[in-house]
Amino acid sequence: MTALAPDPAKVPDYLGMVKPSGDPKNGDYQANFAMPLAKVLGKKPLEVAAEVVAKLPKNDLLESATVAGPGFINLKLSDGWIAKQVQSIAADTRLGVAKSPQPKTFVIDLSGPNVAKPLHVGHLRSTIIGDALVRILRFLGHTVIGDNHLGDWGTQFGILIYGYKHHLEKAAFEKDPVRELARLYVHVRNLAKVAKDDDEDAAKGDVADAYRAETAKLHTGDPENVALWHQFMPACLEMLRPIYERLDVKIDHALGESFYNPMLAGVVDDLLKKGIAAEKNGAVVLPNAAGVIKETAERDENEPPPIIRKRDGAFTYTTTDLATIKYRVETWKPDVMLYVVDARQALHFKTLFANARRWGYSNVEFHHIAFGSILGKDKKPIRTRDGGTVELSSLLDEAAELGLKKYEESYAERKAHGHDVPELTHDAKMEIANAVGIGAVKYADLSGNRVSDYVFDTDKMLSTEGNTATYMQYAYARCRSIFRKGNADETAFRTSPPKVLLTHPSERALALQLLKFEEVLSNAAAEYLPHYITQYLWDVAKAFSGFFEGCPVLTAPSEELKQSRLLLVDLTGRVIHTALGLLGIRTVERM
RNA sequence: GCCCCCGUAGCUCAGGGGAUAGAGCAUCGGUUUCCUAAACCGAGGGUCACAGGUUCGAAUCCUGUCGGGGGUACCA
């Protein structure tokens, strides 16, 4: 390649044009660089391609390299090489996935629910996508700090304080503070006639004025309200705990808005002192210097500058976010900071990042990991926390219930066909039901491109057909079932794997898929797109289904082939288990 | 007004310079003496919103138009 290309700097670009084939008929990989190279060299693409093929060194990697079409070079890997590679990754606990040679430190901002309110489907995406990114990056060897930037300083506390002062049922509070606070929250909102649109700050009327006053007192340090806040917080966190537990999400830190509150005045002072912030109409704003906010500031001087201190002296989320950046950089010294937040906040993050760089944090990479809205069947974003929308916990219940129902149907069907199916304990069944149900919800969220909106359709996400978590879990259960049935010990296949034989197209296709795991993970991590992994899982599971149909394992024609196929089965199971695990989805031994 | 995202099969969506544009669902047909049929195999189904442009090559990049959604200084 270096010999052919006139411009050595472009060699990596050309090599980047070697990609998996779009169509398996054209081999495993295709190299597309002959066409542009021909242009530069003034030759015909077919000649260049032929020249490249002729110059390929002898190796055991490729079975063939052929020129096709206008100048594609189709590459087919040799069976021997594939077999050897599969055998070698089977002995690797990381399944052939190398750790990043340049590990970085990431801070990932995820979940960020408002405490004191019931967790709602709207919080699902940040939690699930963020958790998946934490797991993926960590698996690749990076240092990852997950931080749950709780909304724990807002109007909802004014609501609770007002409710506590005027509508408390003492006995209920002593018995179960979590439940009583939840009741008070709903009760006061109803008193204030906060509509379904969730905007409790905009509500009008005496009650709304009263709880806003309580919020303001809290913010200005009123001792009674601050004490109540301290009293409420543990109960509020307790409301969240079971949901995270069910979702299997653990977040390293939960430094919410309240944590940064004492730092906000200092942030504003510093920005003023450095001349970045300026007073305007009684408020303090961050004016848009040309170039600070690309694409808008220079063209449109009317782009509104973010406010960091309101005319009434209160701070805004921009102030909090800047304080957060300062704290995170000083505490964890990250290379990259990811914000897994709704796409509608794109402008906020654009200006926030620009101003953070201006403030001096220019050696940190900031990315807004935007995701689309969850839509109702009416195609409108689900935003309300009451008035008929689904609470997360009830959704998870529903999902698990359906998982259980599916198991029981399948159990009955197998029994009717005369299969030998064991009676499971209630706990074992519930484990399956939860893994399947909650896996289905997570997978539905992760399997589309994150920036797309998606319609929240319980029937669809809990469907057991098609590209769903269930399909992958089923493929895994089949892998395990073969080992149970054959009384085979998987450890041998992981310590001293047998020789791999590729005697059938399905074996080869499956083996090739298993080898792509590393490439897929690094792509998913590079673009922060978990759906690359679901796409891959789908390909693996489909390849396995083909193999399962076409290649008997336990009754293979020879002992060598049986051993080889057992290795493929075990490795498939491990890849599925690991890949699902990186998405926060569990597998079960049988289903 | 300005900014951002989106428009691909009946529906839900992948693909974001490379060959004849792919999946799932739905529809129609087939498969179970066989390691889990929560499975598999097959069929039909397309003006990649539209119009220009760049390119050897455009669903993909650029410009414009139309249509949908979102955002836009004292909520977060």
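Since the model is a prediction, treat every value here as computed from it, not as a measurement. Proteins get letters first, then strands, A, B, ... in listed order; numbering begins at 1 in each.
Base-pair partner of C66(B): G7(B) (Watson-Crick or G-U wobble, both distances under 3.5 Å). Of all nucleotides present, none satisfies the Watson-Crick or G-U wobble test against G57(B) with each distance under 3.5 Å. Remark: A73(B) base-pairs with no nucleotide; criterion is Watson-Crick or G-U wobble with both hydrogen-bond distances under 3.5 Å. With a 3.5 Å ceiling on both atom-pair distances, the Watson-Crick or G-U wobble partner of A23(B) is U12(B). Nucleotide A39(B) is matched to U31(B) when pairs are restricted to Watson-Crick or G-U wobble geometry with both distances under 3.5 angstrom. Across all strands shown, G44(B) remains unpaired; no Watson-Crick or G-U wobble contact has both distances below 3.5 Å.
Lys406(A) comes within 4.0 angstrom of a nucleotide base, judged by non-hydrogen atoms across all strands. Nucleic acid contact for Asp312(A): none, since no nucleic acid atom lies under 4.0 Å from a heavy atom of the residue. When heavy atoms are screened at a 4.0 angstrom cut-off, Cys479(A) is found touching no nucleic acid atom at all. Lys19(A) comes within 4.0 angstrom of sugar-phosphate atoms only, judged by non-hydrogen atoms across all strands, and of no base. If you check every strand for non-hydrogen atoms under 4.0 Å, Ser410(A) touches a base.
If you take atom C1' in C34(B) and the same atom in G18(B), they sit 43 Å apart, rounded to whole Å. U8(B) sits 11 Å from U60(B) when the C1' atoms are compared, rounded to a whole Å. Taking atom P in both A58(B) and C66(B), the straight-line distance is 26 Å, to the nearest Å. C5(B) and U27(B) have their P atoms separated by 38 Å, with the value rounded to a whole Å. Here, G24(B) and A49(B) have their C1' atoms 24 Å apart, quoted to the whole Å. Look at the C1' atom in both G7(B) and U12(B): the space between them is 14 Å, to the nearest Å.
By the 6.0 Å and 45° rule, Arg478(A) stacks over the aromatic ring of Phe548(A). Cation-pi geometry between Lys516(A) and Tyr29(A) is satisfied (NZ or CZ under 6.0 Å from the ring centre, within 45° of the ring normal).
Between Gln473(A) and Ile576(A) there is no side-chain heavy-atom pair separated by less than 4.5 Å. His149(A) is listed as a side-chain neighbour of Tyr260(A), based on a closest heavy-atom distance under 4.5 Å. Thr534(A) is listed as a side-chain neighbour of Tyr443(A), based on a closest heavy-atom distance under 4.5 Å.
Counting only heavy atoms from C-beta on, Gln345(A) has its side chain closest to A76(B) among A76(B), A23(B), A26(B). Between G18(B), C40(B), U72(B), one nucleotide has an atom nearer to the side chain of Met17(A) than all others, and that is G18(B). The side chain of Tyr471(A) sits closest to C40(B) out of C40(B), A73(B), A38(B). Minimum atom distance to the side chain of Thr316(A) is reached by A76(B), of the listed A38(B), C13(B), A76(B). Comparing G15(B), G18(B), A38(B) against the side chain of Gln30(A) picks out G18(B) as the nearest. When distances are taken from the side chain of Trp538(A) to each of G24(B), A38(B), A39(B), the shortest belongs to G24(B). Of the candidate nucleotides A19(B), G18(B), A76(B), A19(B) has the atom nearest to the side chain of Asn74(A). Comparing G15(B), A39(B), A73(B) against the side chain of Asn449(A) picks out G15(B) as the nearest. Between A76(B), A38(B), G18(B), one nucleotide has an atom nearer to the side chain of Arg414(A) than all others, and that is A38(B). If you check A76(B), C13(B), A39(B) against the side chain of Glu465(A), the one that comes closest is A39(B).
In terms of phosphate contacts, Lys350(A) brings no side-chain nitrogen or oxygen within less than 4.0 Å of OP1 or OP2 of C4(B). For the OP1/OP2 pair of A38(B) and a distance below 4.0 Å, the side-chain nitrogens and oxygens of Thr470(A) include no atom meeting the criterion. Remark: Arg590(A) is not in phosphate contact with A38(B), judged by side-chain N or O atoms under 4.0 Å from OP1 or OP2. One finds a side-chain N or O of Ser452(A) lying less than 4.0 angstrom from the OP1 or OP2 phosphate oxygen of A14(B).
Nucleotide A39(B) holds its C1' atom 5 Å from the OH atom of Tyr474(A), rounded to whole Å. Atom CG in Leu529(A) sits about 8 Å away from atom P in G15(B), given to the nearest Å.
Comparing Thr155(A) and His419(A) by the nucleotide of RNA chain B that holds the closest heavy atom to each, the one mapping nearer the 5' end is His419(A). When the nearest nucleotides of RNA chain B are assigned to Phe72(A) and Thr320(A) by heavy-atom distance, the more 5′-ward of the two goes with Phe72(A).
Using a 4.0 Å cut-off between charged nitrogen and carboxylate oxygen, Asp445(A) and Lys442(A) do not count as a salt-bridge pair.
Of all heavy-atom pairs spanning Val588(A) and Tyr476(A), the tightest one is O-CD2, 3.3 Å.
Looking only at atom types and distance, the side chain of His577(A) has a donor-acceptor partner in the side chain of Thr587(A) under 3.5 Å away.
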